[in-house]
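First listed ligand is number 1; within each ligand, the first listed atom is number 1. The figures here come from the full heavy-atom set of this structure, side chains too, leaving out hydrogens, waters and symmetry mates.
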Amino acid sequence: MPTVHVGPIQIDTPTFLAPMAAVTDLPFRTVCEEHGAGFTITEFLSAHALSQGAKKAVEKLAPSLGGRKFGVQIFGREIGVMARAAEMAVSAGASLVDINMGCPAKRVVAGECGSALMKEPQLAQEIVRAVRHAVPRDVPVTVKHRAGWDERHLNAPEFAQALVEAGASLITVHGRTRTQGFSGTCDLGILRRVRDAVPRHVPVVGNGDVVSMEGYLRMREVTGCDAVMIGRGAMGNPFLFRSIRAVEQGERDPGPPTLRERVGAFERHVELILSHGPSSRHHVELRKACAWYSRGLHGGSALRQKVFSLCDPAAIVEEARSFFAEQAKRGQGQDARAPLSEAA
Ligand SMILES: Cc1cc2nc3c(=O)[nH]c(=O)nc-3n(C[C@H](O)[C@H](O)[C@H](O)COP(=O)(O)O)c2cc1C
């Protein structure tokens, strides 16, 4: 198995769950870890909000369960504030601090944070240096950025190199520009150029559009990246991590989940939402879980419509359980496999 080393952290399966705002909460991170994701990182947290002690932000510094190592992602542009937020992340148990220099969202870019920092490589370096100094030596500081600001400024290779000089121990690149947002395709060529530009001992993580085993293998092969970060492709499909882990261990790809496995993941996700998620958001998170795990199954869209009209957590779970029971009766049984990507 190709192990990734980041400072003292050893990541056995070369996969990362992507940080995603309002998605990569503790329940989802846990489900992915339990299915074989190599490493998970929180959604981006405002360094300013953390340093002010804002409850909503501080609550999201949630350590992975079972003592598993995890990362916290922070964003901002004020050096002292970033350093303070990084210290808070480490105090909360983070083994790694990731700095967001890739977010394309208007409100983030308007504050000249996220991907806007790709236009200010010197400041970006200063931020990395300050965060590096703020946290203990055995806590790696990493950066996630994009291919560049727009197609005329594809500076990811030089930018990554500069960040490594400033102390970054791992670089993740989403192969799109800021102006692309999430449209168009991910540029694997620029990821290859980043891998070539950065010293060999610094892992480069490729990110963008990986939703299948084929996509994972292609990303590894074409870019030479050391690991792959998966975001949207993992929503409701933690089984992708399981497949990759199996293949990397030289085993057969177990393929898409059986109905029993899908229901198992759903039930585990529900349990984690109810035990770890804030109660004010239970219904929202449960609806999302219903939508994710019913994808590709007959009648899935009717279930989604139904649960989005319900607010009682118990009623939402009940609705999903009868849906899954109905699926089992439809003749295919608990051991039938259905791809998670099909629309229903
Ligand atoms: C809903 C959503 C929220 C996101 N939030 C973050 C974030 O907090 N930090 C970050 O670095 N990237 C964030 N991203 C970008 C993802 O981490 C990732 O770079 C992007 O989705 C491309 O990977 P994918 O094609 O595997 O999804 C977000 C993406 C989505 C879809």
For Val4, which residues count as a side chain to side chain contact (heavy atoms under 4.5 Å, CB included) partner, sequence neighbours excluded?
Val6, Ile11, Pro14, Pro203, Ala227
Atom 21 (O) of ligand 1 [closest protein heavy-atom partner, distance rounded to 0.1 Å]:
Phe182 CE2, 3.3 Å
Examine ligand 1 and decide if any of its atoms is less than 4.0 Å from a heavy atom belonging to Gly233.
no
If you have a sec, work out which protein heavy atom is nearest atom 9 (N) of ligand 1 and how many Å separate them, to one decimal?
Gln73 OE1, 2.8 Å
Considering only protein heavy atoms, which is closest to atom 3 (C) of ligand 1, and at what distance to one decimal place?
Ala21 N, 3.2 Å
Residue-level breakdown please: for Arg176 versus ligand 1, do any non-hydrogen atoms fall below 4.0 Å on the side chain, on the backbone, on both, or on neither?
neither
With a sphere of 6.0 Å drawn around CZ of Arg68, does it hold more than 12 non-hydrogen atoms of other residues, nucleotides or ligands?
yes
Write out the residue and atom name of the closest protein heavy atom to atom 30 (C) of ligand 1, then the distance separating them to 0.1 Å.
Met20 CG, 3.9 Å
Donor-acceptor side-chain pairing of Thr177 and Asp150 below 3.5 angstrom:
no
Consider only side-chain heavy atoms of I, L, V, M, F, W and Y, link residues closer than 4.5 Å, and tell whether Ile9 and Val90 are in one cluster.
no
Look at Glu248 together with Arg245 and state whether they make a salt bridge at an N to O cut-off of under 4.0 Å.
no
Where is the nearest protein heavy atom to atom 18 (C) of ligand 1: which residue, which atom, and how far?
Asn207 OD1, 3.3 Å
Part of Lys144 with heavy atoms under 4.0 Å of ligand 1, whether side chain, backbone, both or neither
side chain
Look at atom 14 (N) of ligand 1 and say which protein heavy atom is nearest, naming residue and atom and giving the distance to 0.1 Å.
Pro19 O, 3.5 Å
Examine the proximity of ligand 1 to Asp209 and report which part, side chain or backbone, both or neither, has a heavy atom under 4.0 Å away.
both
